[in-house]
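Notes follow the structure.
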Amino acid sequence: MCDQTFVAITFGPCDSCSENRPLMNLYIKTEPINYCSLCMEIMACQDLAGGETLNSLKAETESLRKRLEEERKKLHDVELEKVAEKAEALSALNLKTRRTLKGHANKVLCMDWCKDKRRMVSSSQVPAHPVFNSSQEHAVSMPTTWVMACAYAPSGCAIACGGLDNKCSVYPLSLDQNENLAAKKKSVALHTNYLSGCTFTNSDMQILTCSGDGTSALWDVESGQLLQSFHGHSADVLTLDLAPSETGNTFVSGGSDKKANIWDLRSGQNIQSFDTHESDVNCVKYYPSGDAFASASDDATCRLFDLRADREVSIYSKDSIIFGATSVDFSLSGRLLFAGYNDYTINVWDVLKGTRVAVLFGHENRVSSLKFSPDGTAFCSASWDNTLRIWA
Amino acid sequence: MTISTLTRGGAQREQQHCLRKMERVIIAMQDPDIGLKMRNQRLLITVIPHAMTGNDIMEWLIQKYNITDEEAGHLGGLLVQYGYIYPLKEPRSLILRSDDSPYRFQTPYFWTSSRWPASELDYAIYLAKKNIRKQGELVDYEKQNYNLLHKRINHTWDFVVMQAREQIRASKQRRKADRIVLECQEQAYWLVNKPCPGAFDVFDLGPERCNVLNSRVILNSSLLFFLLRISSVPNNSLSSHFLLSLSCVCSFMKFCDQYHQHDPIMSGCLPSNPWISDDTTHWTINTDLVGTPTRLRVERWSFSFMELLNDCLGRREFMTYLEKEFSGENLCFWEACEDLRHGESSKIILKVEEVYKTFLSPGAARWVNIDSKTMERTLEGIKQPHRFVMDDAQMHIYFLMKKDSYPRYLKSDLYKNMLSKAIVPQETKKSVFPFMRRQRHSSPSPAMVSQATEDNGKAKGAGPAATNSGTLS
């Protein structure tokens, strides 16, 4: 495995306008050039000689796209499943519900674990918003009906959540159970459509959000300032996940446009894009090594995409699975992929061999969210049947 | 029947996908060659044609999809819930029984996907028919709906009653078997489309998702992006960008292998998984700054440099090693850069100055060794400080540590001692009385712990489970 890192200047003085801006790294005839996005567009438009129309450019793009696909296919020399035949078979899993958490009065939409491996925050359809420790600790009232995203801060001292109110708000957690947490709320992010996902980056100070308005954004918690925004999806962005890689500078997002895109946090650029899904991408999750990611979609499949090979390497699907997958997560070693579906089940897939290892029943309505605890000892599934279940 | 098809709302695409797939299953089930064998069922004194038992349905599903009983039951149950199969006995209970209870396929006219959304007028006619046929046949929620509709579409009420009467008259002229079948079909349709409050509602979907936003803007920018990215790169270097599949695939296998023992779901955890046995020993022996770490944890530090740095105990050990080698400033510099990158925006300028003073200025107390080009660039960048100004330098130092200090640390005595001291907890024997559970207590909240350390001013190995008396709740 090589170190896939190269130093690219992504922020600094533009070569043409000399202003400090996020840069796009281009190669014109093998010469590296660093232009800001405005100058790049100007340059590209200048190349539009007389007689060239948007249509002709589109046609040229299409042929280039086809060429790219052909090149990609040439590299597809071996299937994951064939190589994985050498991997040892998995022993039968004995997964059962170990805890059922029943504090919500309505559909549970999202949940997140705290770094202490025991606590979690969950959000639901009605204004009460508990923080659990297997016994309910806090409840926060939210002035909105659907709270679709929630996240625990790495320090464990705050939570962030948002939904149909188009905002992401941060609530510091205090010890006093009776204290009204809503009073200390801090509005951090503001979008023009519903908030579908949020997560803290490596500290309590920054939040990454994605929204139904088709954009994702990075915010500074203290000042509420927008640090970077990411445009490129042509429909609602439904999910995002931060990369666990060493340089820690990228994240993946999935949307209603059936695409999953990789972004650079510093420059705001869309680095890679994958569009083999046939329907909305509901959830994306990085493989533990950071070299690949899995996605769950309404087309009832989960897929594994390799970032270095720039293509999809595996599909996890079965004829008898008809309903869309809403959420995925990997076990700690990355060998197992757990996916929650709209038919109330959780299917467990062998990532390498592509086969289904187990199916877990228990929920009585859709599984909306599924996450592993930070140390991998258990995972929690949230469902529209108003409960959360911890499986181990 | 006067059921009209209104135009569909835009956001129900996902629903339509599933419904189409279910319909394909249903059609396969009705196939004369590979489908279910249907027969006549006796319902009281009438004979209903083309019916099948719950058992038949389950067996067909098991055979076709090669799945277990439980899954077949679950899938069949969903088909019933969505109205594609309806029960003949006990029509209000939409579940699949795996015995010989009779079921029938719903006619495509009444399929959920073709008759959606159900029109109010049709519902009113249906309820009126029921009311006229037998007084008191309407259930509570149906009575409420009836009254609501009566108020809402009062202007067409005459039409409603007239239609209801006409339909009743027409049905009286049919054969008994046909009449029963049609009544059952209609009832099943309305049970799915207007369910009893509290029962499962097929049309309960999440918030609307719009599909295509301002595509013109996106098209322009993505066009440019594509053109510039592809056309300016020489032909053969396209392939060099993407690694060969084989090496990627092998790397997955290697990773899974390496972490196999560390995955609690695959290999269990020692002494036992706290969620299963209610014994929190596993967590107490793995707290952040525990005195003696476990063997698995120390082994994990050798997997990658990132693993070592991510574990605070590992990082502390590495720092001790570096101090011995007089290169501790590298790690300090890296940590300071991380703090800069992820910290508050308001403190950026301050932090950049401090980093410069401590690590980069000539004659600094903890000067770090960066190559001259990177140093030049960084010093230029410091003139206009921003969050990422130290990135180049940070990466340089990171790779320095990774390629040089890290491998030597793994071979050092310090690490080897750690490894030999590390504990391997004994696996707990399963208790004789498995149903005897330990008392569960709440663990201290991280919010509380951080406040306590602030108050005390001490930071004695504080982690979320600092007090060892905290057991699982």
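Below, all heavy atoms of this structure are taken into account, side chains as well, without hydrogens, waters or symmetry copies. Convention: sequence-line order gives letters A, B, ...; per-chain numbering from 1.
Comparing Glu70(B), Lys64(B), His262(B) by how many heavy-atom pairs each has under 4.5 Å with chain A, the most go to Glu70(B). Ranking Ser304(B), Ser267(B), Gly381(B), Gly343(B) against chain A, the residue ahead of the rest is Gly343(B), based on heavy-atom pairs under 4.5 Å. Among Phe361(A), Phe323(A), Phe379(A), Trp384(A), the residue with the largest count of heavy-atom pairs under 4.5 Å with chain B is Phe361(A). Most heavy-atom pairs under 4.5 Å with chain B: of the set Val221(A), Val359(A), Leu93(A), Asp343(A), this distinction falls to Asp343(A). When each of Leu304(A), Asp319(A), Thr201(A), Leu336(A) is scored by its heavy-atom pairs under 4.5 Å with chain B, the top score falls to Asp319(A). Put simply, of Ser373(A), Ser368(A), Ser331(A), Gly255(A), the one with the most heavy-atom pairs under 4.5 Å next to chain B is Ser331(A). The candidate from Leu95(A), Asp299(A), Asp375(A) with the greatest count of non-hydrogen atom pairs under 4.5 Å with chain B is Asp375(A). With respect to chain B, the highest number of heavy-atom pairs below 4.5 Å among Leu238(A), Asn193(A), Asn94(A) belongs to Leu238(A). The most heavy-atom pairs under 4.5 Å with chain A, out of Met22(B), Glu338(B), Gln258(B), come from Met22(B).
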Hey, mind stepping through Tyr194(A) and Met148(A) against side-chain contact (heavy atoms from CB on, under 4.5 Å) and telling me if it holds?
-> CA-CA 9 Å; Tyr194(A) 65 90; Met148(A) 298 183 282; 3.2 Å; yes
Report the C-alpha distance between Asp116(A) and Arg119(A) in whole Å, list the side-chain angles of each, state the deciding distance to 0.1 Å, and finish with yes or no for salt bridge (Lys or Arg N to Asp or Glu O under 4.0 Å).
-> CA-CA 7 Å; Asp116(A) 76 348; Arg119(A) 280 185 169 68; 2.9 Å; yes
Should Asp257(A) and Ser234(A) be marked as a side-chain contact (heavy atoms from CB on, under 4.5 Å) after you check the CA-CA gap, both sets of side-chain angles, and the distance that decides it?
-> CA-CA 6 Å; Asp257(A) 56 356; Ser234(A) 52; 3.3 Å; yes
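Ring centroids of Phe303(B) and Phe255(B) are separated by 6.0 Å or more, keeping the two rings apart.
No cation-pi contact links Arg98(A) to Trp275(B), judged by a cut-off of 6.0 Å to the six-membered ring centre and 45° from its axis.
Of the atoms belonging to Lys96(A), not a single heavy atom falls under 4.5 Å from chain B. For a residue to count as touching a neighbouring chain, one of its non-hydrogen atoms must lie under 4.5 Å from one of that chain's; by this rule Ala300(A) touches chain B with backbone and side chain alike. With a 4.5 Å cut-off on non-hydrogen atoms, Ile67(B) touches chain A through its side chain but not through its backbone. Looking at Arg387(B), only its side chain comes within 4.5 Å of chain A, counting heavy atoms on both sides. Only the side chain of His282(B) comes within less than 4.5 Å of a heavy atom in chain A; its backbone stays farther off. For Glu364(A), no part lies under 4.5 angstrom from a heavy atom of chain B. If you measure heavy-atom distances from Val25(B) to chain A, the contacts under 4.5 Å come from the side chain alone. Only the side chain of Phe338(A) comes within contact range of chain B, with at least one heavy atom under 4.5 Å from a heavy atom of that chain. Heavy atoms of Leu78(B) lying under 4.5 Å from chain A belong exclusively to its side chain. At a 4.5 Å heavy-atom cutoff, the contact between Leu90(A) and chain B is made by side-chain atoms alone. In this structure, the portions of Ser346(B) lying under 4.5 Å from any heavy atom of chain A include both its backbone and its side chain.
Under the 4.5 Å side-chain criterion, counting only non-hydrogen atoms from C-beta, Ser196(A) is not in contact with Asp236(A). Side-chain contact between Phe372(A) and Phe330(A): absent, with no pair of heavy atoms (C-beta onward) separated by less than 4.5 Å.
Of all non-hydrogen atoms in Arg297(B) and Asp288(B), the two that sit nearest each other are NH2-O, 2.8 Å.
Side-chain polar atoms of Arg308(A) and Ser251(B) form a donor-acceptor pair below 3.5 angstrom. For the residue pair Ser345(B) and Asp220(A), a side-chain donor N or O sits within less than 3.5 Å of a side-chain acceptor on the partner.
Heavy-atom contacts from other residues, nucleotides or ligands closer than 6.0 Å to CG of Asp371(B) number more than 12.
Under 4.0 Å is where a charged nitrogen must lie from a carboxylate oxygen, and between Arg356(A) and Glu71(B) at least one such pair does.
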